[in-house]
Amino acid sequence: MKIDFTKNKDGLIPAIIQDNSTNNVLMLGYMNQEAVDKTLETNKVTFFSRSKGRLWTKGEESGNFLELVSIKNDCDSDTLLIRVNPVGPTCHTGSDTCWQEVNKPNFGFISKLENTIKERKENADFEKSYVASLFAKGINKIAQKVGEEAVEVVIEAKDNNDNLFLSESADLLFHYLILLQAKDYQLNDVVNVLKSREK
């Protein structure tokens with residue numbers, strides 16, 4: 001890996017730190033060649049601290065190390081993307097990230113949908129909200145809806161109408177997310193089970 005440390009007068013390049021599991025950006029630090037070498041040698045991310053004027057291994061005082069998974073440089077060879085497994089919170093404030101965010105998995109629109117379902121479960125009027133009305137009817141009705149949608153997916157899978165198949169698949173996923181919430185789980189709990197089976 002060729003890294004260009006000459007673009008900045010101080011010989012430092014930015015290093016973006018990303019959680020290997022959640023894909024969330026945890027922090028930004030700066031590295032010189034010595035910091036890169038030490039990171040590769042120890043498998044613990046080491047930066048050049050501009051305030052301390054020396055190498056600084058994240059976690060050397062707190063124990064909240066960033067365990068190295070991979071390093072990539074960008075198209076101009078002057079910025080690093082470092083994927084890590086964090087041990088504890090990353091920010092010196094005690095937050096998971098330096099942007100004061102919780103470092104939890106995010107499945108994009110699916111996570112947004114899960115949050116909407118949770119809000120409807122907790123706050124919505126069951127007379128105005130379909131989701132709230134399902135929760136009001138109880139776990140048996142929700143489970144029944146998942147079963148019905150699963151059968152419809154199977155039926156459409158055997159036909160040649162892709163639009164209907166995708167529509168029924170969306171219905172199944174939607175109702176499955178409701179069922180997970182009814183059982184006080186989220187999609188990430190299922191993902192963790194799948195990860196545990198990875199060989």
Side-chain angles (χ1 to χ4, degrees), residues 1-119 166 169-170 173 177 180 185-199:
M1 174 174 57
K2 183 180 179 182
I3 305 171
D4 186 353
F5 291 99
T6 66
K7 292 201 176 174
N8 296 314
K9 288 183 287 185
D10 56 12
L12 300 176
I13 62 169
I16 300 162
I17 308 301
Q18 183 179 33
D19 188 296
N20 191 55
S21 296
T22 66
N23 292 320
N24 291 324
V25 174
L26 303 176
M27 67 171 288
L28 173 73
Y30 291 88
M31 301 177 95
N32 58 11
Q33 184 66 63
E34 193 179 0
V36 172
D37 292 343
K38 185 167 183 185
T39 296
L40 293 170
E41 176 189 336
T42 63
N43 285 322
K44 289 181 172 54
V45 178
T46 297
F47 302 98
F48 183 87
S49 171
R50 295 171 298 168
S51 59
K52 295 175 175 140
R54 64 171 175 85
L55 290 186
W56 165 67
T57 299
K58 175 69 183 82
E60 65 186 25
E61 294 176 7
S62 66
N64 298 329
F65 294 103
L66 298 171
E67 296 179 348
L68 177 67
V69 175
S70 66
I71 298 181
K72 292 181 183 177
N73 56 356
D74 73 345
C75 56
D76 292 324
S77 299
D78 62 357
T79 302
L80 297 176
L81 176 63
I82 303 179
R83 293 180 67 87
V84 302
N85 291 321
V87 178
T90 298
C91 186
H92 72 282
T93 65
S95 177
D96 287 349
T97 80
C98 289
W99 289 268
Q100 310 306 302
E101 296 173 336
V102 177
N103 183 23
K104 63 181 182 180
N106 188 314
F107 302 104
F109 176 75
I110 295 294
S111 292
K112 180 180 176 184
L113 182 56
E114 280 190 311
N115 288 335
T116 300
I117 291 168
K118 182 178 180 182
E119 190 274 329
L166 290 174
S169 296
L173 179 56
L177 292 174
L180 284 174
Y185 291 111
Q186 289 190 310
L187 186 59
N188 190 55
D189 296 304
V190 179
V191 169
N192 286 335
V193 172
L194 291 173
K195 283 182 180 177
S196 73
R197 297 176 182 175
E198 187 178 19
K199 295 180 181 179

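Computed from a prediction, not measured in an experiment: that's the story for all the values here.
- N23 contributes atom CG, which lies 9.5 Å from atom CG of N106 (distance to the nearest 0.5 angstrom).
- Remark: E34 CD is loosely packed, at most 12 non-hydrogen atoms of other residues, nucleotides or ligands lying under 6.0 Å away.
- Distance CD1/I82 to CD/Q18: 11.0 Å, rounded to 0.5 Å.
- For the residue pair W99 and L28, the shortest heavy atom distance occurs at CH2-N, 4.2 Å.
- For the pair T39 and M31, the tightest heavy-atom approach, listed with the atom from each and the gap, is OG1-CE, 3.3 Å.
- Minimum heavy-atom separation, S49 to W56: CB-CB, 3.9 Å.
- Under the 3.5 Å distance criterion, the side-chain polar atoms of D74 are matched with a main-chain donor or acceptor of S77.
- Among all heavy-atom pairs drawn from D4 and I13, the shortest one is O-CG2, 3.5 Å.
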Name each donor-acceptor pair under 3.5 Å that joins a side chain in residues 190-199 to protein atoms two or more places apart or in another chain, with its distance.
residue: N192; atom: ND2; partner: N188; partner atom: O; Å: 3.3
residue: S196; atom: OG; partner: V193; partner atom: O; Å: 2.6

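- Between the CG atom in D37 and the CG atom in L55 there is a gap of 9.5 Å [rounded to 0.5 Å].
- Annotation: side chain of N64 is not in contact with side chain of P86 (no heavy-atom distance under 4.5 Å).
- Counting heavy atoms from C-beta outward, C91 and M27 have side chains that stay 4.5 Å or more apart.
- Among residues two or more places apart in sequence or in another chain, the ring pair (Phe, Tyr, Trp, His ring centres under 6.0 Å) test is passed with F48 by none.
- Of the possible polar contacts, one joining the R83 side chain to the N20 backbone as a donor-acceptor pair under 3.5 Å is found.
- In K72, the NZ atom is not crowded: 12 or fewer heavy atoms of neighbouring residues, nucleotides or ligands sit closer than 6.0 Å.
- More than 12 heavy atoms of other shown residues, nucleotides or ligands fall within 6.0 angstrom of atom CZ in F107.
- When side chains are defined from C-beta on, K58 does not count as touching V84, because their heavy atoms never get closer than 4.5 Å.
- The pair E114-K104 does not count as a salt bridge, with every side-chain nitrogen at least 4.0 angstrom from each carboxylate oxygen.
- For CZ of R54, the number of neighbouring non-hydrogen atoms (other residues, nucleotides, ligands) closer than 6.0 Å is greater than 12.
- Distance check, rounded to the nearest 0.5 Å: NZ of K44 to OG1 of T57 gives 9.0 Å.
- Taking each heavy atom of N73 and K2 in turn, the nearest pair found is ND2-O, 2.6 Å.
- In summary, of the residues considered (N103, T90, D19, T97), a side-chain hydrogen bond (donor to acceptor under 3.5 Å, both in side chains) with N24 occurs for N103 alone.
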